[in-house]
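What you see below is based on every heavy atom in this structure, not just the backbone, and it leaves out hydrogens, waters and symmetry mates.
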Amino acid sequence: MTHIGHSEKVLLMRIFLTVLILTFSLQSWTKADDIRDFEIEGISIGDSLLDHFSKEYIEGRKKYYYPKSKKFFRINTGEMSNLETYEAIQFQLLSNDKKYIIHSVSGMILYKNNIEDCYDLKKTLVQEIKSLFPNSVDKNYKQKHSFDKTGKSIVERHDFKLESGGLVIVKCSDWSEEMHPADKLTVGIISKQLQDFLNNEAY
């Protein structure tokens, strides 16, 4: 697929977030803190993935489980040419849930040898999300990527914990040259149930 330039990505992302801000300005502040009102490519927490993809497509994707539990799993779409803002999407679902309710959705923009562009866009998004969720508790941190045992891959992440219990994250993943995944920006939303699982059961 054709990779758009950094400036175009910033413009698209700002337009997307501006629409969200205008939407929230017409609602109550209590409503604005609801994780379900934050969308990634028109998809949000609590949706059924069946509303967006066929059962055959979902079941055909490779499932990624956590080290200590298979209660939840992740699937990725891979690069898609028909997305408005992102280049790929990741979902997290509860195992054996026949309704395929979404507990996390993340949009990704891929980078190659230009991780500084990712950091620049992350700063812009963090400021926009702060204005979207003024009552959230936010935290920025940098750490070694847990999947790279060499310790050379770095994740710079900003979390927004909402009063309603959900989590919004923005992060840049800078993989070492020995690792195969592409460097990327990730904007994700996580349900309280999944967040509790990640904190207490997954690792």
4.5 Å side-chain heavy-atom contact, Leu49 and Ile75: yes

Point-to-point distance, once rounded to the nearest 0.5 Å, from SG of Cys172 to CG of Asp183: 9.0 Å

Residue pair Val137 / Phe160, side-chain heavy-atom distance below 4.5 Å: no

Closest approach of Ser106 to Thr186 (non-hydrogen atoms, all atoms of both residues): CB-CG2, 3.7 Å

Close side-chain approach of Leu185 and Lys171, heavy atoms under 4.5 Å: no

Side-chain heavy-atom pair Ser136, Lys161 within 4.5 angstrom cut-off: no

Heavy-atom closest pair, residues Arg74 and Tyr65: NH1-O, 4.3 Å

Side-chain donor or acceptor of Glu41 paired with backbone N/O of Gly107 under 3.5 Å: no

Verdict with reasoning, Tyr100 to Glu59, per side-chain contact (heavy atoms from CB on, under 4.5 Å): CA-CA 10 Å; Tyr100 298 90; Glu59 290 299 328; 2.6 Å; yes

same_hphob_cluster(Ile58, Tyr64) at 4.5 Å side-chain heavy-atom cutoff: no

Any side-chain heavy-atom pair of Gln92 and Ile102 under 4.5 Å: no

Residue pair Ile190 / Gln195: nearest heavy atoms and the distance that separates them: CG2-N, 3.8 Å

Asp47 side chain vs Ile43 backbone, donor-acceptor pair below 3.5 Å: no

Ring centres under 6.0 angstrom apart (Phe197, Tyr66): yes

Nearest heavy atoms of Pro134 and Ser131, plus distance in Å: CD-O, 3.7 Å

Joint hydrophobic cluster, Leu132 plus Ile40, side-chain heavy atoms closer than 4.5 Å: yes

More than 12 heavy atoms of other groups within 6.0 Å of Asp51 CG: yes

Spacing of Lys122 atom NZ and Ile109 atom CD1 [to the nearest 0.5 Å]: 14.0 Å

Inter-residue atom distance Ile45.CD1 - Lys192.NZ, 0.5 Å rounding: 13.5 Å

Pair Val168-Ile35, side-chain contact (heavy atoms from CB on, under 4.5 Å): steps then yes or no: CA-CA 8 Å; Val168 179; Ile35 190 69; 3.6 Å; yes

Backbone N/O of Val170 and side chain of Arg157: donor-acceptor pair under 3.5 Å: no

Verify same cluster id: Val126, Met108 (apolar side-chain graph, 4.5 Å): no

Lys/Arg-Asp/Glu bridge criterion (N-O < 4.0 Å) met for Glu201, Lys71: yes

Nearest-0.5 Å distance that lies between atom NZ in Lys142 and atom CG in Asp174: 8.0 Å

Asn76 (side chain) donor-acceptor with Gly78 (main chain) under 3.5 angstrom: no

Close side-chain approach of Asp138 and Asp159, heavy atoms under 4.5 Å: no

Atom pair CG (Leu194) and CG (Leu198), whose distance is rounded to the nearest 0.5 Å: 4.0 Å

Any donor-acceptor pair under 3.5 Å from Ser48 side chain to Ile101 backbone: no

Sub-4.5 Å side-chain heavy-atom contact between Val187 and Ile169: no

Nearest non-hydrogen partners of Ser95 and Phe73, listed with the distance: OG-CD2, 3.6 Å

Closest non-hydrogen atom pair between Ser173 and Val155, with its separation: OG-CG2, 4.1 Å

Residues Asp117, Tyr119; criterion side-chain contact (heavy atoms from CB on, under 4.5 Å); working and verdict: CA-CA 5 Å; Asp117 287 348; Tyr119 295 140; over 6 Å; no

Verdict with reasoning, Leu162 to Leu167, per side-chain contact (heavy atoms from CB on, under 4.5 Å): CA-CA 6 Å; Leu162 309 187; Leu167 191 70; over 6 Å; no

His103 and Phe72 aromatic ring geometry - parallel, tilted or perpendicular at 30°/60° bounds: perpendicular

Residues Glu116, Tyr111; criterion side chain to side chain donor-acceptor pair (under 3.5 Å); working and verdict: CA-CA 9 Å; Glu116 293 302 321; Tyr111 290 85; over 6 Å; no

Geometric cation-pi criterion, Lys139 with Tyr141: 6.0 Å, 45°: yes

Joint hydrophobic cluster, Tyr86 plus Tyr57, side-chain heavy atoms closer than 4.5 Å: yes

Close side-chain approach of Glu87 and Met80, heavy atoms under 4.5 Å: no

Under 3.5 Å donor-acceptor, Thr77 side chain and Ala88 backbone: no

Value rounded to 0.5 Å, distance of CG in Asn200 from NZ in Lys68: 11.5 Å

